[in-house]
Enquirer: 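Okay, here's the structure, questions in a sec.
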There are 2 protein chains.
Amino acid sequence: MNVSAAAPSSIGNEDLVGRRVLLVDDDPTVAEVASSYLRASGFVVEEAGDGFTALQDAERLAPDLIVLDRMLPGIDGLEVFRRLRERMSTPVILLTALGSEDDRIAGLAAGADDYLAKPFSPRELVLRVQSVLRRSIGEFTPESVLECGEFRLDPSARIATRAGVELSLTVREFDLFEFLLKHPNQVFSREDLLRTVWGWTYGDLSTVTVHVRRLREKIERDPRSPAMLTTVWGVGYRFSMGGVPDAVV
Amino acid sequence: MNVSAAAPSSIGNEDLVGRRVLLVDDDPTVAEVASSYLRASGFVVEEAGDGFTALQDAERLAPDLIVLDRMLPGIDGLEVFRRLRERMSTPVILLTALGSEDDRIAGLAAGADDYLAKPFSPRELVLRVQSVLRRSIGEFTPESVLECGEFRLDPSARIATRAGVELSLTVREFDLFEFLLKHPNQVFSREDLLRTVWGWTYGDLSTVTVHVRRLREKIERDPRSPAMLTTVWGVGYRFSMGGVPDAVV
DNA sequence: GCAAGTCTTACAGAACGCGAACGGTTGGCC
DNA sequence: GGCCAACCGTTCGCGTTCTGTAAGACTTGC
């Protein structure tokens, strides 16, 4: 397997110290907890309680990253997001309420860098902030193309092909496939996948099962007996390229 | 397959050994059971019976993680949690007597890192503690591959091979084999194994016996007369590689 | 030869994964 | 607007796999 992504992740979390994060949430409790965690991790945090202030602060402070709640008083979070994107390319992490309709798809289509479903563990937020920042700093190219065997996946264009033929993957399927391609030869539990790919902190694990099944239907030659996206009984799933594995390594 | 990953910064449960956990619960029975399980998994456990002591100990001991009961005499658990957050960002797992799924959401919404409803299985607690700690250290960094003679065991991929041929091990068998490979030439009693591999403090020791047998069936050339996974009569089991064993020892 | 420890086998319950199908929502198209 | 297709998350039933335990045969040390 030749994952050409090769993000040379020589960027430690130390290099993120002092980066400015703008936190936009109208719930004081959430804002307080989240910001204290972010500060503890070395970030400089500014808070905004509504969309209008957020837009002003974004311009004034020029933060390195913005954490944006989708539900805001006044201007809607998504609207704020669109206006932000018109003016600057600052990375944005969207917070979505799982209970209500999930506009995660809309947010993602609009180009959010990551999303997290409420309620989330504050530590999870820190991890995502670090991850997105590391990515945006390290490579100026937003996302490099993943290549693996006959598969080719372009995260920016959201196009996945097998042997040149485009696979019509849905949003979820694409996200799932992207994550697996980025971490080949590693087993992930359904919970892991639900947390990282879906951005959920809790939820029905069978959701993962079903989507894995649907993804198999599209990428496996014989979906009945998967060769690449295999089940590890009692643990989870693993993606690895077939034939001769890394015995040479 | 040319995954250049191989960054051997493993974060298996081994690396969690010695981490300090502060356990806050007013029920002595619960505290005793929970702490004995946590200790058995290698954690250093301190206990506190009320909120005030908890706050003091949290400052004094600077634990790596805090398990906090929501119902406490004196200061309420949630209040303790809020005061903790003001001063430090130590991961917190909340416990509550009321056991519905909604409470988990409430706990997470309050900013806890994880949440567990009473009555909980002590094993579950250990798993959660490990999970949260591992996550706070850094996620999905592949563990280093164990190699021993013709055996090769990849903890992240959950693949074990002998001379390149994959051994289909079950979860338990894999865990057991992994532990033994990490501690070769060392004798472990059935109780040791039950504690470390299974995470149990009590239980039927024959469980270990049977699993050792099953493992032998898969890794030994002649399971009838084991050469590597040998029995030390009256003591337990030892894994050592073939050829000239420890006759010198 | 005896007792304690170990091995082997068998079994039933539990856990798990899979497939199929369903209702709900969204977004496009007439 | 209203119909239709696509997608998503959930649920249920079924077959499979795994696991712990019990019971008997066997081995070891004394």
Enquirer: Parallel, tilted or perpendicular, judged at 30° and 60°: which one describes the rings of B:Trp198 and B:Trp200?
Expert: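 Perpendicular: the ring planes of B:Trp198 and B:Trp200 meet at over 60°.
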Enquirer: Verify the distance criterion only: is there a donor paired with an acceptor across the side chains of A:Asp222 and A:Ser225 at less than 3.5 Å?
Expert: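 There is such a pair between these side chains.
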Enquirer: Which residues satisfy the salt bridge (Lys or Arg N to Asp or Glu O under 4.0 Å) test with A:Glu173, sequence neighbours excluded?
Expert: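 Here the qualifying residues are A:Lys218.
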Enquirer: Checking all strands, does B:Thr207 fall into the base, sugar-phosphate, or nothing category for heavy-atom contacts under 4.0 angstrom?
Expert: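 Base contact.
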Enquirer: Please confirm whether the shortest side-chain N or O distance from A:Trp198 to OP1 or OP2 of D:dC8 is below 4.0 Å.
Expert: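 It does not, given that no N or O in the side chain of A:Trp198 lies less than 4.0 Å from OP1 or OP2 of D:dC8.
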Enquirer: I need the CG-C1' distance between A:Leu205 and C:dA15, as an integer number of Å.
Expert: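 Rounded to the whole Å, the gap is 14 Å.
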Enquirer: Between B:Asp113 and A:Tyr37, is there a side-chain donor-acceptor contact under 3.5 Å, judged purely by atom types and distance?
Expert: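 A donor-acceptor contact under 3.5 Å links the two side chains.
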Enquirer: Using whole Å, report how far CG of A:Leu193 lies from C1' of C:dG17.
Expert: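 A:Leu193 atom CG is separated from C:dG17 atom C1' by 15 Å.
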Enquirer: What's the CZ-P distance between A:Arg172 and C:dT25, to the nearest Å?
Expert: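 Those two atoms, CZ and P, are 16 Å apart.
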Enquirer: According to salt bridge (charged side-chain N to carboxylate O under 4.0 Å, His left out), does anything in residues 158-170 of chain B pair up with another residue at least two apart or in another chain? List the pairs.
Expert: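 Passing the test, one end in residues 158-170 of chain B: B:Arg158-B:Asp175.
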Enquirer: Without decimals, in angstroms, what is the distance between A:Phe174 CZ and D:dC7 P?
Expert: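 About 14 Å, once rounded to whole Å.
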Enquirer: Are any protein N/O atoms closer than 3.5 Å to N/O atoms in nucleotides 2-8 of chain C? If there are, list each pair with its distance.
Expert:
from, atom 1, to, atom 2, distance (Å)
C:dT6, OP1, B:Gly234, N, 2.9
C:dT6, OP2, B:Arg190, NH1, 3.1
C:dC7, OP1, B:Arg216, NH1, 3.1
C:dC7, OP1, B:Thr231, OG1, 2.4
C:dC7, OP2, B:Tyr237, OH, 2.8

Enquirer: Indicate, with a heavy-atom threshold strictly under 4.0 Å, whether A:Arg214 touches base, sugar-phosphate, or nothing.
Expert: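 Counting heavy atoms under 4.0 Å across all strands, the contact made by A:Arg214 includes a base.
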Enquirer: Sub-3.5 Å donor-acceptor pair from the side chain of B:Ser156 to the main-chain atoms of B:Glu143, do we have one?
Expert: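 Checking the backbone N and O of B:Glu143 against the side chain of B:Ser156, a donor-acceptor pair under 3.5 Å is found.
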Enquirer: D:dT21 P sits how many Å from B:Asp204 CG, rounded?
Expert: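 From B:Asp204 CG to D:dT21 P: 5 Å.
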Enquirer: Find which nucleotide of DNA chain D each of B:Trp200 and A:His211 is nearest to by heavy atoms, and output the residue with the more 5' nucleotide.
Expert: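 With B:Trp200 and A:His211 compared, the 5'-side residue is A:His211.
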Enquirer: Rounded to whole Å, please give me the gap between CG in B:Leu215 and P in D:dG20.
Expert: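 So the CG-P distance, B:Leu215 to D:dG20, works out to 14 Å.
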